[in-house]
Amino acid sequence: MILVLVGPPGAGKGTQAKLLCARFGIPQISTGDMLREAKRSGTLEKRYLDIMDSGGLLPDEAVIGLIARRTVEPDCSDGFLLDGFPRTVPQADALDEMLASANQGGKRIDAVIQLDVARPLLEERLIHRRTDKRSGQIYHLVYNPPPPGAELEHRADDRPEAVAKRLDAYEAMTAALLPFYEQKKLLHRVDGVGRPEEVTHRVLSAIGRPGSGGE
Ligand code: AP5
């Protein structure tokens with residue numbers, strides 16, 4: 001199964017990705033996580049680091065190469081879930097080419113899931129997000145508070161000025177992405193407001209795989 005999660009920053013892509021990957025036994029591939037890992041290990045180019053921290057989008061070629069290498073690893077042979085890629089039509093075209101290529105054995109996307117959440121709630125979710133450095137678990141200081149002892153990280157791009165820039169960038173650059181997948185009849189729009197388990201249940205129903213999701 002190949003799933004693609006799209007949606008604005010804070011829509012819950014990372015939260016849903018973890019629940020869906022556990023449900024289907026497939027790996028989560030998050031360009032944001034891969035870039036933050038490169039940042040931690042000091043391998044992310046300075047110009048990309050600056051773009052990320054200020055809330056901009058990296059050039060397409062910077063992320064296409066990451067995905068091309070990651071999706072041919074052995075754990076992806078039975079499918080994977082893409083979280084945060086593609087974000088633009090050139091990235092979506094590149095993904096189709098990768099999947100159709102000989103080394104991916106003519107794979108196809110099963111479903112593209114768009115999580116819908118209104119902007120004021122997105123801002124509120126991002127500004128109060130914290131991530132456990134050790135486990136990668138995502139928390140929210142109000143809705144899903146971290147347990148005592150968690151080693152919390154506040155993302156540089158979750159500062160209010162960067163959040164506003166990311167939301168604007170999403171609206172501007174992904175406006176063409178949704179019609180692209182709508183035309184291919186792959187797009188499922190899901191209300192991303194409610195308990196995470198409720199949202200998972202909606203996603204599973206939307207893609208024709210109800211009956212699980214932990215509700
Ligand atoms: P990335 O890491 O992909 O960030 P993003 O798209 O901005 O998404 P987020 O991780 O901020 O939010 P999310 O939707 O995963 O929400 P989450 O589940 O954490 O990218 C970061 C940067 O990398 C980009 O800005 C760009 O610079 C670069 N980049 C990455 N991919 C790129 C690409 N393809 N092209 C170019 N550049 C790229 O949830 C958010 C909060 O809400 C949490 O606190 C969570 O606990 C809470 N929450 C989640 N669900 C619920 C719920 N149902 N109810 C209540 N609270 C909830």
Side-chain angles (χ1 to χ4, degrees), residues 4-21 28-39 44-45 47-68 70 81-95 113-118 120-132 136-146 150 152-159 162-174 177 190-203 213-215:
V4 175
L5 271 184
V6 297
K13 299 183 297 296
T15 301
Q16 291 304 317
K18 286 183 176 46
L19 294 166
L20 292 165
C21 286
Q28 171 191 3
I29 302 181
S30 156
T31 34
D33 286 349
M34 291 164 95
L35 293 166
R36 280 184 290 278
E37 183 50 41
K39 175 181 168 179
L44 187 66
E45 286 181 42
R47 61 193 168 121
Y48 294 157
L49 183 74
D50 292 342
I51 295 176
M52 251 188 105
D53 284 354
S54 70
L57 283 185
L58 270 64
D60 291 330
E61 61 276 14
V63 286
I64 289 170
L66 282 179
I67 293 295
R70 179 64 184 92
L81 181 150
L82 292 170
D83 158 13
F85 181 95
R87 271 173 152 92
T88 64
V89 171
Q91 291 180 21
D93 280 331
L95 176 62
I113 301 134
Q114 149 86 4
L115 295 174
D116 285 323
V117 177
L121 186 54
L122 296 171
E123 288 169 355
E124 208 261 341
R125 283 184 179 184
L126 290 171
I127 288 162
H128 293 102
R129 171 172 49 192
R130 298 293 183 275
T131 309
D132 188 325
Q137 184 64 42
I138 303 165
Y139 296 103
H140 186 281
L141 294 178
V142 180
Y143 304 132
N144 179 21
L152 297 180
E153 189 168 46
H154 188 191
R155 278 171 44 175
D157 61 354
D158 278 347
R159 285 171 293 108
V163 163
K165 187 170 169 187
R166 284 161 64 204
L167 290 169
D168 291 344
Y170 177 82
E171 284 164 19
M173 295 198 69
T174 57
L177 189 66
V190 172
D191 179 3
V193 182
R195 285 186 299 116
E197 296 76 12
E198 287 168 354
V199 177
T200 307
H201 183 78
R202 282 179 212 140
V203 171
E215 202 174 329

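Not measured: the values here are computed from a predicted model. Just follow the structure's listing: the first ligand is 1, and inside any ligand the first atom is 1.
- For L121, the side chain to side chain contact (heavy atoms under 4.5 Å, CB included) criterion is met by V117, E124, R125, Y143, V193, not counting sequence neighbours.
- Looking only at distances, no side-chain donor or acceptor of R129 sits under 3.5 Å from a matching main-chain atom of G10.
- Ordered by chain and residue number, the residues placing a heavy atom less than 4.0 Å from ligand 1 are P8, P9, G10, A11, G12, K13, G14, T15, T31, G32, L35, R36, M52, G56, L57, L58, V63, G84, F85, R87, Q91, R125, L126, R129, I138, Y139, H140, Y143, R155, D157, R166, G192, G194, R195, P196.
- For Q16 (side chain) and G12 (main-chain N/O), no donor-acceptor pair under 3.5 Å exists by modelled atom type.
- Sorted by first and then second residue, the pairs that involve residues 48-68 and meet salt bridge (Lys or Arg N to Asp or Glu O under 4.0 Å), not counting sequence neighbours, are K39-D53, K46-D50.
- Take L152 and apply the side chain to side chain contact (heavy atoms under 4.5 Å, CB included) test, not counting sequence neighbours, and it matches R130, Y139, P146, A150.
- Between L126 and R166 the shortest side-chain heavy-atom distance falls below 4.5 Å.
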